[in-house]
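First comes the structure, then the notes that go with it.
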Amino acid sequence: MPGGCSRGPAAGDGRLRLARLALVLLGWVSSSSPTSSASSFSSSAPYLASAASAQPPLPDQCPALCECSEAARTVKCVNRNLTEVPTDLPPYVRNLFLTGNQLAVLPAGAFARRPPLAELAALNLSGSRLDEVRAGAFEHLPSLRQLDLSHNPLAYLSPFAFSGSNASISAPSPLVELILNHIVPPDDKRQNRSFEGMVAAALVAGGALQGLHRLELASNHFIYLPRDVLAQLPSLRYLDLSNNSLVSLTYVSFRNLTHLESLHLEDNALKVLHNGTLAELQGLPHVRVFLDSNPWVCDCHMADMMTWLKQTEVVQGKDRLTCAFPEKMRNRVLLELNSADLDCDPILPPSLQTSYVFLGIVLALIGAIFLLVLYLNRKGIKKWMHNIRDACRDHMEGYHYRYEINADPRLTNLSSNSDV
């Protein structure tokens, strides 16, 4: 057939070209010696090995005892009794949970890795029995925004824990949220230092936390806040100081916190807010203040605060604020008080009564010691008193003699003649 004859030569030419190509390839393989191929492989082996060692960890690796989700960029090592931060954390981790472990100490560079954990943004270390956080513990985490150290008995928090091991050259911390609730250590681990001062030093060192928006310091038994501790935190929007033992805010300045939106002071030991504090709070444009569950003393010193409460919209739930002292004013709502209700003769609260009782005991003890000293030195004191009596007697007898001479004219003339 004509069609069949036309396809025959074309198919033959194709087979011929394939045969020629096979011969060329066969000749190239035969011309290459085994020695040269082996030497080329051996020369490239170190490069391959170094390249393999330089490769980042496999994206699907996960530390032992941890749960990983690459899709959620999350690693959870929860309640695993870990004593150190895992060294093989995957580089994709964005949310890291290390709660409920036995870490004890967080050393400098605890999260330094190669490649670095450049995407880690949220780190939760709560309830991991941390006793010590050293300088530079959170270095090499350029994206860290949220840090939770709550429920750890921190006996030592380095002043440079958040600013780096060398604050003079360290960059500002990227932290936006810092949660330090219930980090107060047991009394036997405080090492004779002020816990409030230790925390304040870590917050202000190097001005590293000037970008911080949220700070939680609840349930730490704070009695006071060190002066100017908030001056280095100008970007704060949320400050939680609830459930502490703050007695006064006289030395705390809120003037620099112009962005503050929420200030939680519930469950403290506040008795009254003075004019300086009231003026600063009123000057903050966006703030909401929470003052519930404080033992307010409703005496004449409360007059300014009572007037302020009736005028301001800053305090949330102000209709729930009630008096705790004196007894006759107990549970009275502050907003319902008048100036006539406030006097300065209140019944002292039990704490002050206890103080006066203690003062009386001290004075009685001093008096008893004084009497004991007198009794032990009674012989010397008696002799001293006899000497004084004799000296006074001689002195008085001299005066009496002169008086008798001056009173009798004869003795006066005799005295004059004797003088001549």
Side-chain angles (χ1 to χ4, degrees), residues 53-130 133-152 154 157-158 160-165 170-183 202-203 208-217 233 235-238 240 259:
S53 62
Q55 291 296 319
L58 296 176
D60 57 349
Q61 73 175 358
C62 188
L65 304 178
C66 298
E67 301 175 4
C68 304
S69 171
E70 185 177 359
R73 299 288 192 269
T74 300
V75 176
K76 293 183 178 180
C77 309
V78 179
N79 297 327
R80 298 297 186 179
N81 293 324
L82 299 177
T83 57
E84 61 181 10
V85 179
T87 58
D88 52 348
L89 291 169
Y92 63 72
V93 61
R94 186 173 298 166
N95 306 295
L96 177 58
F97 295 86
L98 292 170
T99 61
N101 290 291
Q102 309 284 336
L103 297 180
V105 177
L106 208 59
F111 298 90
R113 301 289 184 274
R114 287 196 178 186
L117 302 177
E119 296 187 24
L120 183 58
L123 175 59
N124 192 328
L125 292 162
S126 62
S128 288
R129 300 196 178 183
L130 279 170
V133 178
R134 297 177 181 170
F138 305 102
E139 285 185 313
H140 311 292
L141 296 177
S143 300
L144 187 62
R145 298 291 184 271
Q146 182 182 20
L147 176 61
D148 190 348
L149 292 173
S150 298
H151 299 277
N152 286 294
L154 292 181
L157 180 64
S158 170
F160 307 116
F162 309 119
S163 59
S165 55
S170 62
S173 170
L175 279 174
V176 174
E177 295 186 15
L178 180 58
I179 305 174
L180 299 174
N181 298 328
H182 206 293
I183 59 170
L203 293 176
L209 296 178
Q210 294 198 11
L212 196 67
H213 290 179
R214 184 184 185 97
L215 176 61
E216 298 185 20
L217 294 169
L233 306 172
S235 301
L236 273 186
R237 288 170 169 78
Y238 182 97
D240 189 355
H259 301 287

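Heads up: numbering here begins at 1 and tracks the sequence.
Side-chain atoms of Arg214 do not come within 3.5 Å of backbone N or O of Arg237 as any donor-acceptor pair. Under the 3.5 Å distance criterion, the side-chain polar atoms of Thr99 are left unmatched by any main-chain donor or acceptor of Asn124. The backbone N or O of Asn101 sits nowhere less than 3.5 Å from a side-chain atom of Asn81 that would complete a donor-acceptor pair. Between the side chain of Asp88 and the backbone N or O of Gln61 there is no donor-acceptor pair closer than 3.5 Å. The backbone N or O of Ala118 sits less than 3.5 Å from a side-chain atom of Ser143, completing a donor-acceptor pair. The backbone N or O of Phe160 sits less than 3.5 Å from a side-chain atom of Ser158, completing a donor-acceptor pair. Remark: the backbone N or O of Arg73 is not paired with any side-chain donor or acceptor of Arg94 at under 3.5 angstrom.
Considering Asp148, Leu233, Leu217, Leu209 as possible partners of Leu178, the one that fulfils the side-chain contact (heavy atoms from CB on, under 4.5 Å) test is Leu209.
Ser69 and Tyr92 make their closest contact through O-CE1, 3.9 Å (heavy atoms, listed as atom of the first residue, atom of the second, distance). Residues Ser173 and Phe162 share a closest heavy-atom pair of CB-O, 3.5 Å. The shortest non-hydrogen separation linking Pro107 to Arg134 is CA-CD, 4.1 Å. For the pair Leu103 and Val85, the tightest heavy-atom approach, listed with the atom from each and the gap, is CD2-N, 4.2 Å. Across Ala108 and Ala135, no two heavy atoms sit closer than the pair CB-O, 3.1 Å. In terms of heavy-atom proximity, Asn95 sits nearest to Ala72 at ND2-O, 3.7 Å.
Atom CG of Leu180 and atom CG of Asn152 lie 10.0 Å apart (nearest 0.5 Å). Taking CZ of Phe138 as the start and CG of Leu149 as the end, the distance is 4.5 Å to the nearest 0.5 Å. Atom CG of Leu215 and atom CG of Asn181 lie 9.0 Å apart (nearest 0.5 Å). Interatomic distance, Leu123 CG to Leu117 CG, rounded to the nearest 0.5 Å: 10.0 Å. Interatomic distance, CG of Leu120 versus CG of Leu147, reported as 9.5 Å (0.5 Å rounding). Rounding to the nearest 0.5 angstrom, the gap separating the CG atom in Leu144 from the CG atom in Leu175 is 5.0 Å.
Using a 4.5 Å heavy-atom threshold, the side chains of His182 and Ser150 count as separate. Taking 4.5 Å as the limit, every side-chain heavy atom of Leu65 sits out of range of all side-chain heavy atoms of Cys77. Within the 4.5 Å cutoff, the side chain of Leu106 has heavy atoms near those of the Leu125 side chain.
For His259, the side chain to side chain donor-acceptor pair (under 3.5 Å) test picks out no residue, with sequence neighbours left out. In terms of the ring-ring contact (aromatic ring centres under 6.0 Å, His included) criterion, His140 has no residue partners (sequence neighbours excluded). For Glu177, the side chain to side chain donor-acceptor pair (under 3.5 Å) criterion is met by Gln146, not counting sequence neighbours.
In this structure, Glu84 places its CD atom where only 12 or fewer heavy-atom neighbours from other residues, nucleotides or ligands lie under 6.0 Å away.
Taking the charged nitrogens against the carboxylate oxygens, Lys76 and Glu67 have no contact shorter than 4.0 Å, which rules out a salt bridge.
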